[in-house]
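These notes are about the structure you will find just below.
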Amino acid sequence: SAVISQKPSRDICQRGTSLTIQCQVDSQVTMMFWYRQQPGQSLTLIATANQGSEATYESGFVIDKFPISRPNLTFSTLTVSNMSPEDSSIYLCSVGGPVSDQETQYFGPGTRLLVL
Amino acid sequence: AQSVTQLDSQVPVFEEAPVELRCNYSSSVSVYLFWYVQYPNQGLQLLLKYLSGSTLVKGINGFEAEFNKSQTSFHLRKPSVHISDTAEYFCAVRVDTGRRALTFGSGTRLQVQP
């Protein structure tokens, strides 16, 4: 499976500021996703990052709050804008497997965000 | 739309005992099923998956799961657990057409005691 890295691994931010999270994959992948895991909760899909076009957002998530970039097949960013304490979560990037395993998703290590 | 129910939020078990973590799903179309494990302060690691074929699937770390279509279940089992298996376990489902994102259950905390 692909090796996925995320930066930063964790951060503490002040309310009202923005943080950009990077996701880097060691091979080209078609599908990239961003999930949120709020404290003690399961994972919720934020959006699908589409290469060369706008991301597809899930209900309850909007581009102004979570702008996403996908400039190529190995990299994506998620920005958490105008943060509030409710944005404190783990943010995880995931990618689809190779052509022989594209039904499976593999996850990065996550970015742990605390908003004060 | 599909959904996933993990019936137990916490499962305490003694070391070397067997364990079963339950997962039921709901979907009007065929699905792919997954179990992921999350160790403290880490991301998600794929344990095993059911895509098609044999309904009994074996994964890493001695875990296995059985797909039961009639009962819409995908329970995870291990015959003998270790302290190192203490973690959060998530069941997830994906439909086999169109939308490729995963829908996750609420998670089960497996607590292995000495």
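What's counted below: heavy atoms across the whole structure, side chains too, no hydrogens, waters or symmetry copies. Each chain gets a letter, A, B and so on, in the order its sequence line appears, and its residues count up from 1. As the structure is a prediction and not an experimental result, all values here were calculated from the model.
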Exercise for the section: Answer whether the closest heavy-atom distance between the side chains of B:Ser26 and B:Thr72 falls below 4.5 Å. Expected result: no
Practice task
Apply ring pair (Phe, Tyr, Trp, His ring centres under 6.0 Å) to B:Phe90 and B:Phe34, showing your working.
Solution key: CA-CA 8 Å; B:Phe90 292 98; B:Phe34 306 85; over 10 Å; no
Problem - A:Phe107 and B:Phe104 aromatic ring geometry - parallel, tilted or perpendicular at 30°/60° bounds - result: perpendicular
Practice task
Let me know if B:Leu44 has heavy atoms under 4.5 Å from chain A in its side chain, its backbone, both or neither.
Solution key: both
Completion exercise
If you tally heavy-atom pairs under 4.5 Å between each of B:Gln38, B:Arg109, B:Glu88 and chain A, the highest tally belongs to B:Gln38
Handout entry: Verdict with reasoning, B:Asn68 to B:Ser70, per side chain to side chain donor-acceptor pair (under 3.5 Å)
Key = CA-CA 6 Å; B:Asn68 188 319; B:Ser70 63; 2.8 Å; yes
Fill in the blank from the handout: Okay, A:Gln6 and chain B: the region with an atom under 4.5 Å from a heavy atom over there is neither
Practice task
Check whether A:Leu92 gets within reach of chain B through its side chain, its backbone, both or neither, counting any heavy atom under 4.5 Å.
Solution key: side chain
Exercise for the section: Inspect the contact between B:Lys49 and A:Glu103 and indicate whether a charged nitrogen and a carboxylate oxygen are less than 4.0 angstrom apart. Expected result: no
Fill in the blank from the handout: Max heavy-atom pairs within cutoff under 4.5 Å with chain A, candidates B:Asn41, B:Leu46, B:Leu51, goes to B:Asn41
